[in-house]
Protein chains: 2
Amino acid sequence: MLTERQLFLLQLLVNDYIVSAEPVGSRSIAKRDDVHFSPATIRNELADLEEMGFLEKTHLSSGRVPSEKGYRFYVDHLLSPVRLSESEMGNIRQTYRKQFSEKEDLIRITAKLLSEFTSYTSIMLGPELLEMKLKHIQLVKLTENQGVLIFVTDTGHVENRVVAFPDEFAAEDIEKIVNILNDKLINVPLYDLQNRLQDEVKAALRENVRNYKQVMTLLTSGFKKNESDRVFYSGKSNMLTQPEFQDVNKIISFFNVLEGKDLVRELLNIPPSGVHIRIGKEIKLSGFEDCSIITTNYSLGEGHVGTVAVIGPKRMAYPRVVTLIDVLSRSLSQSLTDKEHDPH
Amino acid sequence: MLTERQLFLLQLLVNDYIVSAEPVGSRSIAKRDDVHFSPATIRNELADLEEMGFLEKTHLSSGRVPSEKGYRFYVDHLLSPVRLSESEMGNIRQTYRKQFSEKEDLIRITAKLLSEFTSYTSIMLGPELLEMKLKHIQLVKLTENQGVLIFVTDTGHVENRVVAFPDEFAAEDIEKIVNILNDKLINVPLYDLQNRLQDEVKAALRENVRNYKQVMTLLTSGFKKNESDRVFYSGKSNMLTQPEFQDVNKIISFFNVLEGKDLVRELLNIPPSGVHIRIGKEIKLSGFEDCSIITTNYSLGEGHVGTVAVIGPKRMAYPRVVTLIDVLSRSLSQSLTDKEHDPH
DNA sequence: TGTTAGCACTCTCTTAACCCGAGTGCTAAT
DNA sequence: ATTAGCACTCGGGTTAAGAGAGTGCTAACA
């Protein structure tokens, strides 16, 4: 068990290292005026903390650095909440006051706020498309033989595809098709879409539309799901200014992970509520050993959830980021769902 | 005027430097078996080329490096066209065969091909939205007091906005509004949209819809143009592997320019046809002194054009990039416009 | 018994000195 | 006109020395 003084010193040391990025020595701790014991005493305590695995040295005679176990203890037991400044809160409120944008834009804006306020990298995952229900379908003719297939989901998500019309395609056909689609597919969740197409829609088309086979291929491929494009990054290059990323090879491997699919998969594995922190090797991605990820969820109403994440160095400003990610994910959720209640 | 041999040596040297990234000495040139004169002769010639400003030395006794004037001469007079391999051509053809995607996706895919085949960074600018004409407008109700406003342009571009409905808003109103909009706004170019809204639409709404004032604010802000989101990047981090970008500060300033607005503005300044090359300081962006940009245009039919660009080090594989950007911009144009002619 | 001063020791980082190799310009011979 | 030879220059890598920061340990102290 840790003594009161050890807790105090551990917290001090981690806080110090988070801002300085350099091994912390006993002398520099002793110099603070809220510390009333000598460097020698501190050295003894730090040696104990090291023995217990909370601290490490970079070499035999260097100052101390938090170990992964140290960070873990810090975020679990020593995290003191932090207040955002008035101007920051005002800035956030103002941003979400802006109305009439695509829902995607709100997500993008949140990513941007998060990366700018933290100086780290932020990632937003959109909600699972397959869970959404169709709300409206439209087929718009562009030229003689191509058009746009548009569908809107219950969350206000709009997808569109350019499709090629079959030959001898009449304008009345479009209307018929749209009617059939809206009749048969409204409120159908996207994961059930292909089934419904093959059953009910196919039958209805056969009776009402010429070329129904070509129309079917048009629809089946037009409605094909599009798994990507649900990921928004911001502040990718913020990591460049972190002292632990002065090595170009580290930068390269960081970007490789960032642009790969593994990270997204990893992010989806988080528990569905609260703010979660993963530190260093707890993240199972090679190249992210020196990083930490803080995640939480946001909601789009009706049980649709998305994921918010901030990626920074292991030496991350945990208190501030935890507060920010919490505030911003709430603001986003509210903007996305409760818009109607506060349409100011 | 340059002698035949000087031209030959200049070309050789630039080609060599492009792959090696290291100052080229007389000995290494003399070693090639298509060169039949001694290092000393070459030294004399190189000294002359340097005197004329085509070459530089990094220090007094180093090998030669092309100067900006040297690169300029090289791309203007010594650029030998390059053939893409069969597998590359096949790869490209196959990619564009895939159908039924959003037009944006085609642009994105082109960016990706370009950055992967060149190992540099590619940027695509979408066509000028304001030039497009409205083809179809839809207003879809999501909940009691919010909906999605969707509009489709003649190029197949689809925009959507989540909007808040006024209180006491009836379902019939929606239909009326959509009819009015489609009646008054079809084929109106976007730059003229706000005018038309204030004139004809306003008048029609006043006569047919309750709360017409609130509906007007809904529409005016809903149709507000959205200038961003027309830019697609790919291979941003490719530059990291270039030897001239081993310095973290260079990387930072490169990313800053890449993410800033100035670059896009600069890209819009290119002449409207053909492949253009800008080298080093010819680009008026601080931080891009060691880069070159190759640009061209693509077309979406009806006079709508977008811009394709590849950014690489000044020491860029010009012949290959010129060929690639040409082939890919053509393929993209064709996929975007002539789709109907080859609906295979 | 807990705390502290003192001291020898360790390790990194910076600086300076040095050498090696690659390349040049110039001169003189071919 | 071309080339061999040679003295010279400069960057990069290696080594050595010294400064600085920090530690662990021992012994003195309250």
Side-chain angles (χ1 to χ4, degrees), chain A residues 1-10 12-14 16-17 19-67 70 243-244 246-248, chain B residues 1-10 12-14 16-17 19-67 70 243-244 246-248:
Chain A
M1 206 42 220
L2 294 180
T3 67
E4 202 63 34
R5 191 164 70 186
Q6 284 170 333
L7 290 174
F8 176 62
L9 285 173
L10 179 56
L12 232 53
L13 189 142
V14 177
D16 191 337
Y17 184 64
V19 310
S20 75
E22 268 165 25
V24 184
S26 54
R27 252 181 69 88
S28 74
I29 294 183
K31 261 193 237 136
R32 300 178 48 113
D33 28 344
D34 51 347
V35 172
H36 303 107
F37 12 91
S38 76
T41 312
I42 295 171
R43 277 203 290 282
N44 288 331
E45 295 284 36
L46 296 190
D48 289 350
L49 284 168
E50 183 180 352
E51 210 168 307
M52 290 184 271
F54 294 112
L55 298 179
E56 285 171 351
K57 283 187 286 196
T58 60
H59 58 89
L60 197 56
S61 72
S62 76
R64 259 71 172 208
V65 161
S67 68
E244 34 270 275
Q246 292 309 85
D247 177 15
V248 181
Chain B
M1 205 46 219
L2 294 180
T3 68
E4 202 62 35
R5 191 165 70 188
Q6 285 170 331
L7 291 173
F8 176 63
L9 285 173
L10 178 55
L12 231 54
L13 189 142
V14 177
D16 191 337
Y17 184 64
V19 310
S20 74
E22 269 167 22
V24 183
S26 54
R27 252 180 69 86
S28 73
I29 294 182
K31 261 191 237 143
R32 299 178 49 112
D33 29 345
D34 52 346
V35 171
H36 302 107
F37 14 90
S38 76
T41 312
I42 296 170
R43 278 204 290 281
N44 288 330
E45 295 284 36
L46 296 190
D48 288 350
L49 284 167
E50 184 180 351
E51 210 168 307
M52 288 183 271
F54 294 113
L55 299 179
E56 286 170 352
K57 283 188 285 196
T58 60
H59 62 265
L60 197 57
S61 71
S62 76
R64 259 65 173 213
V65 161
S67 68
E244 33 269 276
Q246 291 310 86
D247 176 15
V248 181

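Chain letters run A, B, ... following the sequence lines, proteins first and then strands; every chain starts at 1.
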Trainee: Below 4.0 angstrom from OP1 or OP2 of D/dG11, is there any side-chain N or O of B/Ser62?
Mentor: no

Trainee: Check the distance between C/dC26's P and B/Glu51's CD and give it to me in whole angstrom.
Mentor: 10 Å

Trainee: To the nearest angstrom, how far is B/Ile42 atom CD1 from D/dT3 atom P?
Mentor: 9 Å

Trainee: C/dG25 phosphate, OP1 or OP2: any side-chain N/O from B/Lys57 under 4.0 angstrom?
Mentor: yes

Trainee: What is the minimum heavy-atom distance between B/Leu55 and B/Pro66, and which atoms define it?
Mentor: CD2-CA, 3.9 Å

Trainee: Between CG of B/Leu46 and CD of B/Glu50, what distance do you get to the nearest 0.5 Å?
Mentor: 8.5 Å

Trainee: What integer distance in Å separates B/Tyr17:OH from C/dG23:C1'?
Mentor: 16 Å

Trainee: Using side-chain hydrogen bond (donor to acceptor under 3.5 Å, both in side chains) as the criterion, list what pairs up with B/Ser28, not counting sequence neighbours.
Mentor: none

Trainee: What's the separation between atom CG in A/Asp247 and atom CD in B/Gln246, rounded to the nearest 0.5 Å?
Mentor: 9.0 Å

Trainee: Rounded to the nearest angstrom, tell me the gap between atom CG in B/Leu13 and atom P in C/dG23.
Mentor: 12 Å

Trainee: List the atom of B/Ser38, the atom of B/Ala30, and the distance in Å for their closest heavy-atom pair.
Mentor: C-CB, 4.4 Å

Trainee: Between B/Ser26 and B/Pro39, what is the shortest heavy-atom contact and its length?
Mentor: CB-O, 3.6 Å

Trainee: Does B/Arg64 put a side-chain nitrogen or oxygen below 4.0 Å from OP1 or OP2 of C/dG23?
Mentor: no

Trainee: With a 4.5 Å limit on heavy-atom distance, are the side chains of B/Leu13 and B/Leu49 in contact?
Mentor: no

Trainee: CG of B/Leu46 versus P of C/dA22: gap in Å, rounded?
Mentor: 18 Å

Trainee: Between atom CD in B/Glu50 and atom C1' in C/dG23, what is the gap in whole Å?
Mentor: 12 Å

Trainee: Between A/Ser26 and B/His36, which has a closest nucleotide on DNA chain D that is more 5'?
Mentor: B/His36

Trainee: With the side chain of A/Thr41 defined as its heavy atoms from C-beta on, choose the nearest nucleotide among C/dT4, D/dT3, C/dG25.
Mentor: C/dT4

Trainee: With the sugar-phosphate defined as primed atoms, P, OP1 and OP2, and the base as all remaining atoms, what B/S/- string results for nucleotides 12-19 of chain D, 5' to 3', for protein heavy atoms under 4.0 Å?
Mentor: --------

Trainee: Taking all non-hydrogen atoms of both residues into account, name the closest pair between A/Arg64 and A/Ala47 and its distance.
Mentor: NH2-CA, 3.5 Å

Trainee: Closest to the A/Arg27 side chain: D/dT23, D/dG22, C/dT3?
Mentor: D/dG22

Trainee: If you round to the nearest 0.5 Å, how far is CG of B/Leu9 from CG of B/Asn44?
Mentor: 11.0 Å

Trainee: The criterion is salt bridge (Lys or Arg N to Asp or Glu O under 4.0 Å); which residues satisfy it with B/Glu22, sequence neighbours excluded?
Mentor: none

Trainee: How many whole angstroms separate atom CD of A/Glu45 from atom C1' of C/dT3?
Mentor: 11 Å

Trainee: Just the atom pairs and distances: protein N or O near nucleotides 6-8 of chain C's N or O, under 3.5 Å.
Mentor:
{"from": "C/dG6", "atom 1": "O6", "to": "A/Arg43", "atom 2": "NH2", "distance (Å)": "3.3"}

Trainee: Expressed in angstrom and rounded to an integer, what is the separation of A/Asn44 atom CG from C/dA5 atom C1'?
Mentor: 12 Å

Trainee: Holding to side-chain hydrogen bond (donor to acceptor under 3.5 Å, both in side chains), I want the full list of residues that pass it with A/Ser62, two or more places apart in sequence or in another chain.
Mentor: A/Thr58

Trainee: Which atoms form the tightest heavy-atom contact between A/Asp16 and A/Val24, and what is the distance?
Mentor: OD2-CG1, 3.8 Å

Trainee: Quick one, give me the B/S/- string for nucleotides 10-21 of chain C, reading 5' to 3', where B means a protein heavy atom under 4.0 Å from the base and S means that only happens at the primed atoms, P, OP1 or OP2.
Mentor: BBS---------

